[in-house]
Structures are given as C-alpha cells and as structure tokens.
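Working notes, structure below.
Counting convention: from 1, in listed order, for ligands and their atoms alike.
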Amino acid sequence: MKGIRLDSVQEFDVLSSTQVIIKEALQKLGYPEAMYELLKEPVRFLTVRIPVRMDDGSVRVFTGYRAQHNDAVGPTKGGVRFHPDVTEDEVKALSIWMTLKAGIVDLPYGGAKGGIVVNPTELSFRELERLSRGYVRAISQIVGPTKDIPAPDIATNSQIMAWMLDEYSRIREHDSPGFITGKPIVLGGSHVRETATARGVTIMIREAAKKLGIPLAGARVVVQGFGNAGSYLAKFMHDAGAKVVGISDVYGGLYDPEGLDIDALLEKRDSFGTVTRLFKNTITNRELLQLPCDILVPAAVENQITAENAPNIQAKIIVEAANGPTTREATRILTERGVFIVPDVLASAGGVTVSYFEWVQNNQGYYWSEEEVLAKLEQVLVRAFSNVVAMAESRGVDMRLAAYMVGVRKTAEASRYRGWV
Ligand code: NAD
C-alpha cells in the first residue's frame, strides 16, 4: 500500500487544518493516498440562492450551502447555521467533523453541514420563517430521512426545525418527522436534545477525572463561554458537586476560588449567554484560561488555547465543548506537559448522539422517556471515550489524533467495502 505524504497541505485555515489531521489519521491507519483524496472534501456540495420576500415588499436573495461529506456508512447528518460569516470552506470542514463525530460514537451516518449567509438578528420572525422554508425548497432534492438529515446549529433552533419539517412534509406530501432533528417535542423531538451537548461534556469530564484519579466532588472547574453549551455544563458540574470557580462570556470572566453561585448566574444570564456585564470585578478571558483549576472547559469560540498561552495553562484536564478551541501546536505543548485533552470531536458528540436517538424514535414511531435517553447517551459516550483512549495509548498518539483515527476509520472501511477505494 502506498503511504500518504503529509507535506502537501499547509495548516492555515479551518478546512486545511482539518485535512492535515485527516491525512495524518489515514496515514497512521495504513490507508492509501486515494482514501485521503476521497475524504479530504465532501462528495457533494450544493450552493443555492434563496429569494425571500421581506416584510416591506422588497426581495432579498440569500446564499446557502449544503455539504455532504461521505455517505458510505449511511445517510449524512449535520446542522444548519445562520451566520453572516458562513463560508464554503467552513461548511465543508464542519461536514468532515460530523463524519468524525458520527464515527467516534459509532452512529450509522456520514457527516453533513449546511449554512446560510445571513445575520438572523436583522430579520423579523416571518422573514426568518420564509428564509428557512426557502432553504428547504432549494435543497429538497438532496435531503431526506434516508439521504441527509439536517439539525440545528449556530442561530438555528427548534422553531426553525419545525418550519423546515413542515416545508419538507408539504413538498413530499406526507408527514416526515425523520427528515430533521432538534424539533420541538410535540413534533417528534426527543427529550434531552436541548441539553445533549452539555450532558455529553459532563460525561466526558467525569470519565477523564476518573482516569486521572481526580475526585469530581470539590474539583475546581473553569468554563469559558456561558451560552447553551457552557451554562448548562456549569450547572451540571455544580450539581455533581464540583466547584465552578470561573466562567466567562464575550465581555469578560468571573472568578471566585470558593466557587460561583451558578444558579444565580443562570437566572441573570440573557439569551445570548452574557452575564458578566452585571459585575464590577471581572477578569479577562485570557486571564480566565490561566486560572488555577483542575478542569478547563473552553465552550465559546475557536483558537483560544494557542502556543502562546498553552505553557501557562494550569488545568490538568481540558475538555473541548467548543469546536476548535485549541490549536495543533498548543495540543502538542499541553500533551507534552501531561495535560489530558478530550478533543472537540469527542467531547461535543452528545448533540449528534441524541439527534440520532430522535431520528430512531421518529422512524419507529415509538418515543422514549428522558431516563431512557440519558441511559442510552451514557452508554454510547462512555464507550466512545474508552475507544479513543485505547487508540491513543495503543498507537502512542495524542488524544486529538486518536479521536480522528477512531472517527475516520468507519467511513474509510465502509468506502473500502463498497469498492470506492
Ligand atoms: P452560544 O452562542 O449559546 O454561547 C457562546 C458563549 O460564548 C456566550 O457566552 C458568548 O458570550 C461567549 N463568547 C462569544 N465570543 C467569545 C469570545 N471571543 N471570548 C469569550 N467568550 C465568547 O453558543 P453555544 O451553542 O453554547 O456554543 C459554544 C461552542 O460550543 C461553539 O464552539 C459551538 O460550536 C460548540 N458546540 C455547541 C453545541 C450545542 O449544542 N450548543 C454542540 C456542539 C458544539
């Protein structure tokens, strides 16, 4: 088998940096160069133009994307984000990450992702509905419960999923709840979907702490970002007996070595996940990351832990709730320093896992209790954690590369069996 060369891709943007690790993972697993050629980009990428009648009678035309990374394992799955900075490369990279997450938690899916270039805060409720429906009409030929299943992502929520479901069901002329996940419970949504990512991160923290022999009760936790992922997570850690000593949002951070009152902060936070502006004694996000603590959870934005601040991080465990918070160089520095990292593609896989449960329930027409969903989530994520740790230890690689190796292997094997490579 011909080996894969690593020198041809530079680490300079989200797609390229993902491709670098995919290449390294496939090389370590012994796949030929052709496998990398197949998996470095989505097999299908659709760009659409969506005309929307605005409330004032004018028409605005929006650009949308849908990337389907690889469908060798089964239908593809991934969220749709509404953001003014959405780019083709970002959507492509995120679709690859979805393949990795699905592979790591062993779901019968390949990865996908979608996006619309829009600032949703500038649109009225009805304009948002028309845009959501227009997107579904534009991509309807390539999506469906056995083809490609969308879900929420940045700035999209259960209401938007409900409009998208309704539009798809009208086009197909039958109810089709398995077309999309993250729906309201009355339309076939699943229990736990809303908090699934934070639940998953909580399980990862517990498993990592167990592995390092750090008791969770009393462990000092710092969480960067107090939005959907970070705030629920802070609450779950607080409830588990850990001491959440630091939290932050885009405006700054709060620190109390005795532990913050998370319930009070949750009450005060707004829907954008901001709360620190209400306080005088704040610290910067930069200071927050370097606080003395046992467990650090970046749950905000990408590129927060870099080669510059990695030597000063005091945490023993970093669990990445955010996508891409740690650079490759920082990962190397931290791993050398003995810091245990649970990488994003593993740590935040709780969301897609409960999305899978939602799809299964829709296909069966039989719905599970909250306890059943939580028990199944626990089982899936504990197994995924131990598979990635086993890969890291048996192959002598860092946790990020191990997660990519576990994640890409299923799709690579399925592609090989199908005779594609
Ligand atoms: P969110 O918008 O609800 O919250 C983001 C939080 O980060 C807010 O508190 C915001 O103030 C803060 N923030 C924004 N920019 C910041 C900056 N430059 N410095 C410090 N803080 C900043 O978002 P979310 O849904 O909680 O997602 C957070 C991260 O988790 C993202 O990377 C997202 O991709 C990832 N993630 C989320 C989910 C999910 O289900 N919510 C699933 C997988 C991954």
- Item | Phe272 heavy atom under 4.0 Å from ligand 1 | yes

- Task: With the side chain counted from C-beta on, respond yes when Glu302 and Val14 share a heavy-atom pair under 4.5 Å apart, and no when they do not.
- Result: no

- Query: Would a 4.0 Å cut-off, counted as strictly less than, catch a protein heavy atom around atom 19 (N) of ligand 1?
  - Reply: yes

- Item | Enclosure of Lys28 NZ (heavy-atom neighbours >12, cutoff 6.0 Å) | no

- Salt bridge or not for Asp71 and Lys77, using N-O below 4.0 Å? no

- Message: List ligand 1 atoms under 4.0 Å from Gly273, heavy atoms only on the residue side.
- Response: 8 (C), 9 (O), 11 (O)

- Task: Indicate, as side chain, backbone, both or neither, the part of Thr274 found under 4.0 angstrom from ligand 1 when only non-hydrogen atoms are considered.
- Result: side chain

- Going by the atom numbers of ligand 1, which of them fall below 4.0 Å from some non-hydrogen atom of Gly227? 1 (P), 3 (O), 4 (O), 6 (C), 8 (C), 9 (O), 26 (O)

- Nearest non-hydrogen protein atom, atom 25 (O) of ligand 1: Asn228 CB, 3.6 Å

- Task: Consider every N or O of Val301 and every N or O of ligand 1, then say whether any pair is closer than 3.5 Å.
- Result: no

- Plane angle bin for Tyr168 and Phe179 - parallel if under 30°, tilted between 30 and 60°, otherwise perpendicular: parallel

- Taking heavy atoms and a distance under 4.0 Å, where does Asp249 meet ligand 1: side chain, backbone, both or neither? both

- Task: Could you label the plane-to-plane angle of the Tyr232 and Phe236 rings as parallel, tilted or perpendicular, counting under 30° as parallel and over 60° as perpendicular?
- Result: parallel

- Item | Arg332 CZ: over 12 foreign heavy atoms closer than 6.0 Å | yes

- Message: What I want to know is whether Gly225 and ligand 1 share at least one N or O pair that is separated by under 3.5 angstrom.
- Response: no

- Message: At under 4.0 Å between heavy atoms, is it the side chain or the backbone of Ala321 that contacts ligand 1, or both, or neither?
- Response: backbone

- For Thr276 and Asp249, test the side chains for any donor-to-acceptor distance below 3.5 angstrom and give the result as yes or no. yes

- atom 33 (C) of ligand 1 has as its nearest protein heavy atom Asn323 ND2, 4.1 Å

- Proximity flag Ala299 to ligand 1, non-hydrogen atoms under 4.0 Å: yes

- Report yes if Ala229 has an N/O atom closer than 3.5 Å to an N/O atom of ligand 1; otherwise report no. yes

- Thr197, portion touching ligand 1 at heavy-atom distance under 4.0 Å: side chain

- Using a heavy-atom cut-off of under 4.0 Å, does the side chain or the backbone of Gln224 touch ligand 1, or both, or neither? side chain

- Task: Examine the proximity of ligand 1 to Val250 and report which part, side chain or backbone, both or neither, has a heavy atom under 4.0 Å away.
- Result: both

- Query: Is there a nitrogen or oxygen of Ser348 sitting under 3.5 Å from a nitrogen or oxygen of ligand 1?
  - Reply: no

- Item | Over 12 non-hydrogen atoms of neighbours within 6.0 angstrom of CG in Asn281 | no

